[in-house]
Every structure is written in structure tokens, then in C-alpha cells.
Visitor: 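Below is one structure. I have some questions about it.
Small disclaimer: the values here were computed from a predicted structure and weren't measured. Atoms considered below: every heavy atom in the structure, side chains included; atoms not considered: hydrogens, waters and symmetry mates. Every chain is numbered from 1 and lettered A, B, ... according to where its sequence line falls, protein lines coming before strand lines.
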Amino acid sequence: MKENARSIETVALPELPVTQLRRDLRQWYAESGRRLPWRERDDPYLIWVSEIMLQQTQVKTVIPYYQNWLSRFPDLATLAKADLQDVLKAWQGLGYYARARNLHKAAGAVVRQHGGIFPQQLDDVLALPGIGRSTAGGILSAAFNQPVSILDGNVKRVLSRLIALSVPPAKALPQLWQLSDTLLDRENPRDFNQALMDLGATLCTPKNPGCLLCPWRTSCKAYNLEKQSEIPMRETRFPLPHKHIGVAVIWNDRQQLLIDRRLDSGLLGGLWEFPGGKIEPGETIEACIAREIQEELGIEVEVGERLITVEHAYTHFRVTLNVHHCRHLHGEPQAIECQEVRWVTLEEIDRFPFPKANTLIIEALREFANGEPTSAPIRNELR
DNA sequence: AAACCGTGGCA
DNA sequence: TTGCCAAGGTT
């Protein structure tokens with residue numbers, strides 16, 4: 001990590017009553033800190049798993065996945081030996097699937113390079129895939145009480161308000177890192193870092209922060225300027241592009257369905273899906289599906305009636321999946337633009353990891369197979 | 001170094 | 001309905 005020395009010089013950090021801030025935060029945490037599953041023990045594997053799951057993901061979402069994960073992969077050695085498909089299955093629905101692939105890969109690295117013992121050197125931890133500076137600090141401080149600072153979304157927001165930062169946090173990362181490091185209570189780094197995140201998650205929230213209960217309110221520049229709701233400043237973004245996709249549910253004459261496994265890199269890497277592709281301008285859904293299936297799988301299908309229409313939003317675009325029943329006519333399916341192709345029954349399909357939008361298709365297939373009446377287009381957000 | 005990478009909840 | 005944001009890292 002390279003510090004931007006110039007910007008540190010030009011943007012001076014305010015004078016802060018550091019000792020008092022540490023003491024007030026410590027006392028608040030003792031009274032109001034959260035009790036969370038990964039705070040009950042200091043096993044680095046348990047802390048590590050929680051830190052990866054919590055990247056860009058809220059505590060409430062993580063907890064059930066965390067419990068289930070530990071029942072399947074109770075220790076690092078078990079995870080290292082596990083099949084990647086089982087790992088992805090346990091991650092199904094959490095999103096950012098590279099986190100699961102990297103966790104699995106890193107477990108193997110710890111076994112081979114560190115004798116199965118999670119490393120305690122910052123450089124060794126940072127060398128593991130999926131662990132950056134903030135996650136390394138979170139793990140080392142929580143598991144070993146090491147004085148390593150953190151800078152996650154909570155801390156960025158808390159510190160931005162504390163100094164009334166006049167630019168979006170992304171434009172001031174060196175200063176925010178320096179502030180996190182300056183404030184860090186080196187006598188109690190574990191509790192300090194956890195307290196800072198709790199403060200951001202429960203009081204110093206993005207909307208309607210509970211400033212009247214905040215232990216830092218007398219020192220908080222944003223509060224004293226009544227600018228809590230304007231800080232941190234946001235970057236302006238472009239509207240999300242919308243893609244229209246034709247998707248095939250291909251049946252053979254043995255009541256089996258054709259699914260494919262995506263390439264390991266990129267969007268939804270390593271997960272299974274129903275094949276399909278983008279509808280070209282002026283193209284009908286049926287023509288698109290027939291064309292995509294010929295191009296991607298090298299087979300010919302007859303496109304039948306609509307099964308479901310799924311709306312789904314990813315981070316950088318929205319999609320409409322136009323899903324149609326298809327009948328396999330001829331040709332042996334080939335893995336041309338994917339890793340693997342497979343015929344499965346509706347009974348077997350649950351064993352494979354699918355992304356969210358595809359699980360909605362599977363639900364619709366179940367209803368179809370059970371002879372339930374097809375309803376109006378089902379919207380993702382209504383489910 | 002800007003772009004990419006999921007999903008759920010909320011207003 | 002749409003946009004925003006969340007315990008960020010990788011390329």
C-alpha cells in the first residue's frame with residue numbers, strides 16, 4: 001500500500017482530543033457494543049470467515065450464512081479439502097462469489113505454506129487472495145489483538161463526519177487511513193476497531209444518525225455544523241444500463257434440463273445457469289434463444305412458450321430474463337463458451353450452485369412441474 | 001487506476 | 001419504481 005504523501009501534507013488533519021475519544025468510545029462499546037457470533041472466540045479461522053462474508057454485506061444478511069458455513073466447514077483444514085462446488089453452494093445467494101473462490105484458494109495456501117496455521121504477520125496475511133488492507137487489519141486486531149487499523153464503510157463514514165470531510169471518502173483515502181491509524185487505541189486495538197464499526201453500523205448510520213446518543217458528538221465536526229446528513233459526500237453515478245436476455249430451459253425426452261457452468265473468472269464465476277444471451281436490436285426473443293443456443297452449445301432447439309420473466313439488478317446493470325421452454329431437437333451439447341454442460345432432473349438441480357436470478361427460474365419450474373397455473377410475470381422484488 | 005463484482009433493504 | 005448503500009478486493 002503506497003501512501004500519497006502529497007495529499008497528506010496539503011489536507012491537514014484537525015486537532016483531536018485523541019485520548020478522550022478513545023476513552024469515550026471504549027465506555028460506549030462496553031455498554032452498547034453488539035454481541036455477534038464471531039466475537040465469541042478468537043480463532044483466526046472463525047474471524048477470517050466472518051470478515052470475508054462481511055465485505056460489502058450487512059451483518060443481518062451474513063449471520064445465517066455464517067452459521068451454515070461453520071456447520072459444513074468447521075475448521076480451516078476442512079475448507080481446504082472441500083470441493084469448490086460445495087463451497088460455492090454454501091455461498092449461494094450471498095453474492096460476490098469471488099470471495100468464496102478466494103477463501104477456498106487461500107485455505108489451501110495456508111495449509112501448504114503455513115502448515116495449516118493462519119499466519120500472524122501482516123505481509124503473510126495480505127498475500128492471501130481476497131484479503132486486502134482493511135480485512136487484514138480486521139482479522140489481526142480481532143484474532144490477535146494486534147494494533148493494525150481498518151477502513152471499511154462504517155469507519156469511512158464515522159471518520160468523514162468526525163472531521164467534516166469536504167470531499168467523497170474515495171478522494172481522501174490516505175487521510176482517512178492516517179486518521180484511523182492515529183486514533184487506534186494501541187492498548188486495546190481489538191475493542192477499538194470493533195467499537196468503531198459498531199458505532200458506524202448502529203449510531204453513525206447513513207440516514208438518520210443517532211447523534212444524541214453518540215459518544216463522539218462533542219468532538220464531531222459534522223454534528224457541530226449540523227451537516228451529518230450531507231457527510232459523507234457522494235459521487236455522482238450514471239444510470240444503470242438495461243440488458244434484455246433470452247434464456248432457454250431446454251428439455252430432452254427424458255424430462256431432463258440442460259444447465260451450464262460459467263467460466264471461473266468474471267460475473268457469477270463458477271456458478272451454474274440456464275443458457276442464453278443478449279437479444280440483438282430488432283430480434284425476437286425466440287430467434288435470440290435459438291441463435292444463442294446454437295452458438296454457445298452447438299445444438300438445435302425448438303423454442304416453445306414463455307415460462308417466466310425475471311427482473312434483476314446487478315451492481316453495474318439491470319437485466320430482464322425472458323425465459324422460454326425449449327425442446328432439444330438434435331446435436332450433442334458442447335461446452336463452447338462455458339466450463340461444463342450437464343443434463344439434470346428437477347430432483348438433482350438443488351445440488352448445484354445457482355445465482356439468485358436463476359433460482360427464481362427453478363422455482364417457476366417447480367410450479368410448472370407441479371401443474372400450478374402460470375401467473376403473470378413474476379417480479380424479483382415481489383418474491 | 002477506473003471498472004468490475006451480487007444481493008437485500010430502505011425510502 | 002428507482003437509486004442508494006452495505007465489515008472491499010482484484011485487475
Visitor: DNA chain B: A:Q58 or A:F317, which has the more 5' nearest nucleotide?
Guide: A:F317

Visitor: Please verify the inter-ring angle class for A:W48 with A:F118; under 30° counts as parallel, over 60° as perpendicular, anything in between as tilted.
Guide: tilted

Visitor: Any residue in residues 201-212 of chain A with a heavy atom nearer than 4.0 angstrom to DNA chain B? Just list them by number, or reply none.
Guide: none

Visitor: With a 4.0 Å cut-off on heavy atoms, is A:G138 in touch with a base, just the backbone sugar-phosphate, or nothing at all?
Guide: nothing

Visitor: Check whether the side chain of A:R34 and the base of C:dA7 form a donor-acceptor pair under 3.5 Å.
Guide: yes

Visitor: With a 4.0 Å cut-off, would you call A:D198 and A:R35 a salt bridge?
Guide: no

Visitor: Tell me what A:W38 touches on the nucleic acid: a base, only sugar-phosphate, or nothing, going by heavy atoms under 4.0 Å.
Guide: base

Visitor: Look at A:E235 together with A:K171 and state whether they make a salt bridge at an N to O cut-off of under 4.0 Å.
Guide: yes

Visitor: Looking for any heavy atom pair under 4.0 Å, which part of the strands does A:S134 touch: base, sugar-phosphate only, or nothing?
Guide: sugar-phosphate

Visitor: Any Lys/Arg nitrogen of A:R262 or A:E273 sitting under 4.0 Å from an Asp/Glu carboxylate oxygen of the other?
Guide: yes

Visitor: Answer with base, sugar-phosphate or nothing: what part of the nucleic acid does A:T135 contact at a heavy-atom distance below 4.0 Å?
Guide: sugar-phosphate

Visitor: When the C1' atoms of B:dA1 and C:dT11 are compared, how many Å lie between them, rounded to an integer?
Guide: 10 Å

Visitor: Assign A:I150 to base, sugar-phosphate, or nothing according to its heavy-atom contacts below 4.0 angstrom with the strands shown.
Guide: nothing

Visitor: Check this for me, if you would: do A:R186 and A:D181 make a salt bridge, where the nitrogen-to-carboxylate-oxygen distance has to be below 4.0 angstrom?
Guide: yes

Visitor: I want to check something: taking the side chain as every heavy atom from C-beta on, are A:Y223 and A:T218 in contact at a cut-off of under 4.5 Å?
Guide: no

Visitor: Are A:R133 and C:dG9 close enough that a side-chain N or O sits under 4.0 Å from OP1 or OP2?
Guide: no

